4 protein chains.
Amino acid sequence: MTARKASANHKNQIFEQARQLIRLQGYHHTSIADIAKGCGLSKASIYHHISEKKDLIKIALQSVKAFFKENCFDLIYDKQLPDQKKIDLLFDTLEQYLKEYHGGCLVHNLVHELADSQPEFRDLFQDYFSMWLEGITHILQKAHPDETARTLAEDTVAQLSGAIMMDRLYDTNRYVQRVRTVLVARVLQRETLIVA
Amino acid sequence: MTARKASANHKNQIFEQARQLIRLQGYHHTSIADIAKGCGLSKASIYHHISEKKDLIKIALQSVKAFFKENCFDLIYDKQLPDQKKIDLLFDTLEQYLKEYHGGCLVHNLVHELADSQPEFRDLFQDYFSMWLEGITHILQKAHPDETARTLAEDTVAQLSGAIMMDRLYDTNRYVQRVRTVLVARVLQRETLIVA
Amino acid sequence: MTARKASANHKNQIFEQARQLIRLQGYHHTSIADIAKGCGLSKASIYHHISEKKDLIKIALQSVKAFFKENCFDLIYDKQLPDQKKIDLLFDTLEQYLKEYHGGCLVHNLVHELADSQPEFRDLFQDYFSMWLEGITHILQKAHPDETARTLAEDTVAQLSGAIMMDRLYDTNRYVQRVRTVLVARVLQRETLIVA
Amino acid sequence: MTARKASANHKNQIFEQARQLIRLQGYHHTSIADIAKGCGLSKASIYHHISEKKDLIKIALQSVKAFFKENCFDLIYDKQLPDQKKIDLLFDTLEQYLKEYHGGCLVHNLVHELADSQPEFRDLFQDYFSMWLEGITHILQKAHPDETARTLAEDTVAQLSGAIMMDRLYDTNRYVQRVRTVLVARVLQRETLIVA
DNA sequence: TATGAATGAGTTTTCATTCAT
DNA sequence: AATGAATGAAAACTCATTCAT
């Protein structure tokens, strides 16, 4: 049991290191040696848990998706939950995620780095953003007709993506805060001049 | 003269190749050899025009900034020009830039790839976005008080950044179109439910 | 008993896989992992049956030697058996061996790959060819004086070795067939003696 | 000029080292590092002259083929040259080649090592042996009808291939000498024809 | 300017082998 | 006997950079 745990820990450590380093440095600028060093393992050991470096991308993307799925999107479709609470859930989780490590969101970073040169990951990226688009569309559907809700969700997701980048660049959190404010206003249909 | 022109051409060719390749593949995934091959030059020749690879980042960023400065932001502060024309100028230039090559905007790609690992470029990135923020704030100042204009400009720039990424990922241009629509509405103070 | 059998089976499986893979891919190009995968075992398990990779060479060579010893050379010295039958025995066994898997004869392949870099196996190789040389010399001794018989046997073994290679390269069996034809002729003395 | 010569020398040194080491150790057991060390160059420098390791196989095979073509097969079709001289030319060249370095003939070694795992080189191997087969057939055509000449040439080439291996294994040259003797006898028709 | 050649350091990946379980 | 995990060493190959010509 100790052994099983220990080995599982190494596996998780590797994936966790990969996640962090790729988020901070990008995929191509993160070497297997970096990850190994970060785990106190040898390079060769890494290949006991993956079969090629690209596997780490998949695993990292899936883990970020799972994080938001479990913490937000699995809860958001609950009819009982008031819209405000849903938005809080979303943004509180996001803020926790962004605060935990610096370097913005791994998914956004990777989209820019890999979207064209590694088309095989497109589906994973689209999956991720579909989850956000559908979740936010759902939240907006009480206040708006379907098509409007979808369009506003797209605006929101775009703004959120850019906001994460801007916050990273200017080392603030005001851009993401604004997305929250705007989304709340949209739910409350108080959209005219949304300034806090 | 022929020689001077030829060398200037090589210089431009190199910078142009760098711009394109870095935009498509990212900085770390683009090698000096790639750029040299793309220009029909040898690797060593590249170093007659730059002193290290990083120079290419600077040059590329400056050229994108110059492109938008000359084509938009130098014209936008003209009191004669109606707001609608200014917005058209902005988005037409942007669309032209995005259409010219695929791969989204070089600046956004690089922000994500380099923001943390190469802090020396932060200023350049911030410069670039300041230009956009100030330009759009200016456009919004006729319709809104200063602080509101600034806030809405930040929303707009964030949304635009995310929109470029989303359009790249889904191979459309609808996200950026929406930013234009929303900005027009904001200028016209018709913000309630902005759906085309 | 079940256990003993099972392990013996694994042992044989490993040696059989090694034989096949080394014959096809060469010694250095066949990894312990390849052999393990071919047996459905783990790499570590291989080391319960050998102490280092080189052991597999020895075992493979011995098994090929044993195959021809049991099927030909143990029977060939029987005074009762007519020469023609002996030759049939030899070449039928050889053809069966060559047909069973492609990739020529393991021994010949290994001689070329290892002869100089691993002098420790020289004796094994020489043993193997001595068996052939003596066997064929014996067959020729009825029709020729001892020294002539030996010389013709050497010619035959050389031609046979080259024929196996040529057949492999051109994917035929005509070269080996010719060796059989020539040997029969030599036994029947239907060939003016070519001896210096 | 000095520079051109120097660089050409490095290139030749690399190919020469590759030829020698591959002949002695086999392709898979010869590393780029081995070759680099043998030339006093860095590993990276090797890649200035080849684009992948496999290139060395091609170059080595071509150089051996060129050696025998220039020294034998370009001369052998001369009607003036007596058959005995042609055979001398062939075997003197071969002996020189075999003596120059130990380790038998590079082509034979590679056939065994690569024939199946690297089918892309089959053509090169076949080319090489075709040169020999046609040359020896030509020599035998004065003394024998075409088809017989061809068959005897095939016997001769097979025997020669095996003889090179046997000589290497037993560190003699008697096996190859026998091939010369037998071929002379065949040209002089001092051998009852062995054709099926 | 331009380039062929060279290279140290680094990249991903493989390998034979060991060992605790 | 079997194996998952680990690893030092080495494999092939790449890269940014330098320099003599």
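These numbers were taken from a predicted model, which means no experiment stands behind them. In what follows, chains carry the letters A, B, and so on, assigned in the order in which the sequence lines appear, proteins first and then strands, with residues in each chain numbered from 1.
Comparing C/L41 and B/S51 by the nucleotide of DNA chain F that holds the closest heavy atom to each, the one mapping nearer the 5' end is C/L41. Nucleotides of DNA chain F nearest to C/H48 and B/Y47 differ in position, and the one nearer the 5' end is that of C/H48. Toward the 5′ end of DNA chain E lies the nearest nucleotide of B/I46, the other residue of the pair B/I46 and C/H29 mapping further downstream. Closest-nucleotide positions on DNA chain E for C/A44 and B/S42 were compared, and the one nearer the 5' end corresponds to B/S42.
For the pair D/K53 NZ and E/dT13 C1', the computed distance is 15 Å after rounding to whole Å. If you measure from atom CG of C/D34 to atom C1' of E/dT17, you get 16 Å, rounded to the nearest angstrom. Distance, D/N12 CG to E/dA5 C1': 15 Å, rounded to whole Å. Distance CD1 (C/I22) to P (E/dA16): 10 Å, rounded to an integer number of Å. Rounded to whole Å, atom P of E/dG4 lies 18 Å from atom CD1 of D/I50. Between B/I32 atom CD1 and E/dT3 atom P there is a gap of 15 Å when expressed in whole angstrom units. Rounded to a whole Å, the NZ atom of C/K11 is 10 Å from the P atom of F/dA2. A/I35 has its CD1 atom 15 Å from the P atom of F/dT7, to the nearest Å.
Under the 4.0 Å criterion applied to side-chain N and carboxylate O atoms, D/D116 and C/R168 are assigned as salt-bridge partners.
Using cut-offs of 30° and 60° for the angle between ring planes, the C/H108 and C/Y128 rings count as perpendicular.
Between A/H49 and F/dA5 there is no side-chain N or O to OP1 or OP2 distance below 4.0 Å. Within the 4.0 Å cut-off from OP1 or OP2 of F/dA11, not a single side-chain nitrogen or oxygen of D/H28 is found.
Of the options A/L56, A/L106, A/V111, a side-chain contact (heavy atoms from CB on, under 4.5 Å) to A/L61 is made by A/L106 and by none of the others.
When only modelled atom types and interatomic distance are considered, C/Q25 and C/T30 share a side-chain donor-acceptor pair under 3.5 Å. Checked by atom type, the side-chain pair A/Q17/A/K37 shows no donor-acceptor distance below 3.5 Å. B/H28 and A/H28 form no side-chain donor-acceptor contact under 3.5 Å, judged by distance and modelled atom types alone.
For DNA chain F, if you chain together Watson-Crick or G-U pairs that step i with j, i+1 with j-1 and so on, the runs of at least three with distances under 3.5 Å are E:2-21 with F:2-21.
Backbone-only contact: A/S31 has heavy atoms under 4.0 Å from sugar-phosphate atoms and none from a base.
Relative to the ring axis of B/Y27, B/K53 places its NZ or CZ within 45° and under 6.0 Å from the centre.
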